[in-house]
Amino acid sequence: ESLGAIDLRPSASTEQMHHNLTKILTEAKSRIIIGTFSSQIERISWLIMTAEKLGKKVALDGYSMKMNVEIAKKLGYIKYQKTALIRIEDVEKYPPQKILILCTGAQGEGNAVLSRIIDGSHKAIKLKKDDTVVLSSSIIPGNERTIQRLKDNLYRQCDNVIHGNIMDIHVSGHGNREDIAYMLKQIQPD
């Protein structure tokens, strides 16, 4: 598996990512919208638990996000109080600083939740200037233009856009060049 082989940056640590996401969750003045992969069960679980501790309500959106969280909860991988999650349609019933929205679409997929929020076609969420939008994912090779378009459209509408080039808010499951070299040195394949 060599997806990260051309990545020369040092790997971010989970601790640094948690520290940075906690800072965002604590300091944001309004709603926080985090786009991430729905397969990041550990991160989603951690975000829900941290939001609970901070007194925030969490709304999930995206079919795969909702399904993965439901399955993970049934299997015991995610634990949270019944009152921690709210329906996406109920977001406006709470003060903005008490809202965390976890959604799909950080790769800029056309019909994904984050794209619909940005283009104004989402049924319940309208992006606001003081929202904080976090792209907690790495760029899948081939998606560079789509993600840049997503960022450009976000910057036009929102003052607080955070992604991996600004802060370590994602830890990849794909080893970078240094990680791959370390693995090869340890295994010494023939």
Side-chain angles (χ1 to χ4, degrees), residues 1-29 31-56 58 60 62 64-65 68-69 71-73 75-80 84-85 97 99-109 112-114 131-144 146-148 150-151 154-155 158 160-189:
E1 199 277 323
S2 60
L3 185 64
I6 60 171
D7 187 358
L8 301 175
R9 296 172 298 160
S11 293
S13 70
T14 300
E15 292 77 21
Q16 185 62 46
M17 176 190 67
H18 285 172
H19 170 78
N20 290 338
L21 288 171
T22 300
K23 183 175 168 71
I24 293 165
L25 290 169
T26 305
E27 294 177 1
K29 305 280 188 247
R31 299 182 305 184
I32 303 164
I33 302 169
I34 299 180
T36 192
F37 298 115
S38 64
S39 58
Q40 289 279 352
I41 298 301
E42 187 279 330
R43 181 170 316 151
I44 294 166
S45 173
W46 181 87
L47 283 164
I48 292 171
M49 289 186 329
T50 304
E52 265 188 303
K53 288 176 191 168
L54 295 171
K56 294 183 184 290
V58 180
L60 304 173
S64 60
M65 179 73 71
N68 287 355
V69 168
I71 291 167
K73 183 162 175 56
L75 295 174
Y77 293 113
I78 295 181
K79 293 176 176 52
Y80 53 82
L85 296 187
Q97 69 276 14
I99 293 295
L100 169 61
I101 299 166
L102 297 178
C103 65
T104 57
Q107 293 298 304
E109 307 94 315
V113 174
L114 197 51
D131 286 340
T132 297
V133 180
V134 178
L135 302 176
S136 183
S137 63
S138 52
I139 298 172
I140 294 174
N143 289 352
E144 294 88 354
T146 306
I147 293 171
Q148 189 58 52
L150 179 87
K151 288 179 188 175
L154 273 170
Y155 288 133
C158 183
N160 311 302
V161 179
I162 303 168
H163 50 79
N165 292 343
I166 295 173
M167 182 184 287
D168 288 331
I169 38 93
H170 172 72
V171 176
S172 178
H174 304 282
N176 65 10
R177 185 174 292 179
E178 186 180 304
D179 297 329
I180 294 168
Y182 175 78
M183 179 188 69
L184 291 171
K185 184 178 177 188
Q186 294 301 310
I187 296 172
Q188 298 181 357

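- The main-chain N or O of Leu8 is never found under 3.5 Å from a side-chain atom of Asn176 such that the two would form a donor-acceptor pair.
- A distance-only check finds no donor-acceptor pair linking the side chain of Arg43 to the backbone of His170 [under 3.5 Å].
- Residue Leu60 holds its CG atom at 10.5 Å from OG1 of Thr104, rounded to the nearest 0.5 Å.
- Here the straight-line distance linking atom CE of Met17 with atom OG of Ser136 works out to 6.5 Å at 0.5 Å rounding.
- By the 4.5 Å heavy-atom criterion applied to side chains, Ile44 and Met65 are counted as neighbours.
- The number of heavy atoms from other shown groups lying within 6.0 Å of OH (Tyr77) does not exceed 12.
- Note: Lys56 NZ to Arg31 CZ = 12.5 Å, rounded to the nearest 0.5 Å.
- Residues Leu100 and Leu25 meet the side-chain proximity criterion, which asks for heavy atoms closer than 4.5 Å.
- Using a 4.5 Å heavy-atom cutoff, the side chains of Tyr80 and Lys73 are in contact.
- Separating the OG1 atom in Thr146 from the NZ atom in Lys151 is a distance of 12.0 Å, to the nearest 0.5 Å.
- Ring orientation note: the planes of Trp46 and His18 are close to parallel, at an angle under 30° on the 30°/60° scale.
- Residues Val113 and Cys103 approach most closely at CG1-CB, 3.6 Å, considering heavy atoms.
- Remark: side-chain polar atoms of Arg177 are not paired, donor with acceptor, to backbone N or O of Ile6 under 3.5 angstrom.
- The two atoms that bring Gly105 and Ala112 nearest to each other are CA-CB, 3.5 Å, heavy atoms only.
- Taking CD of Gln97 as the reference point, atom CD1 of Ile99 lies at 9.0 Å (rounded to 0.5 Å).
- Sparse packing is recorded around CD of Glu178, with 12 or fewer heavy atoms of other residues, nucleotides or ligands lying under 6.0 Å away.
- Rounded to the nearest 0.5 angstrom, Ile24 CD1 and Leu21 CG are separated by 5.5 Å.
- Using a 4.5 Å heavy-atom cutoff, the side chains of Leu102 and Ile48 are in contact.
- When side chains are defined from C-beta on, Pro189 counts as touching Leu184, because their heavy atoms get closer than 4.5 Å.
- In this structure, the side chain of Asn68 engages the main chain of Ser38 through a donor-acceptor pair within 3.5 Å.
- Residues Leu114 and Leu150 are in side-chain contact: their nearest non-hydrogen atoms beyond the backbone lie under 4.5 Å apart.
- When side chains are defined from C-beta on, Ile147 does not count as touching His163, because their heavy atoms never get closer than 4.5 Å.
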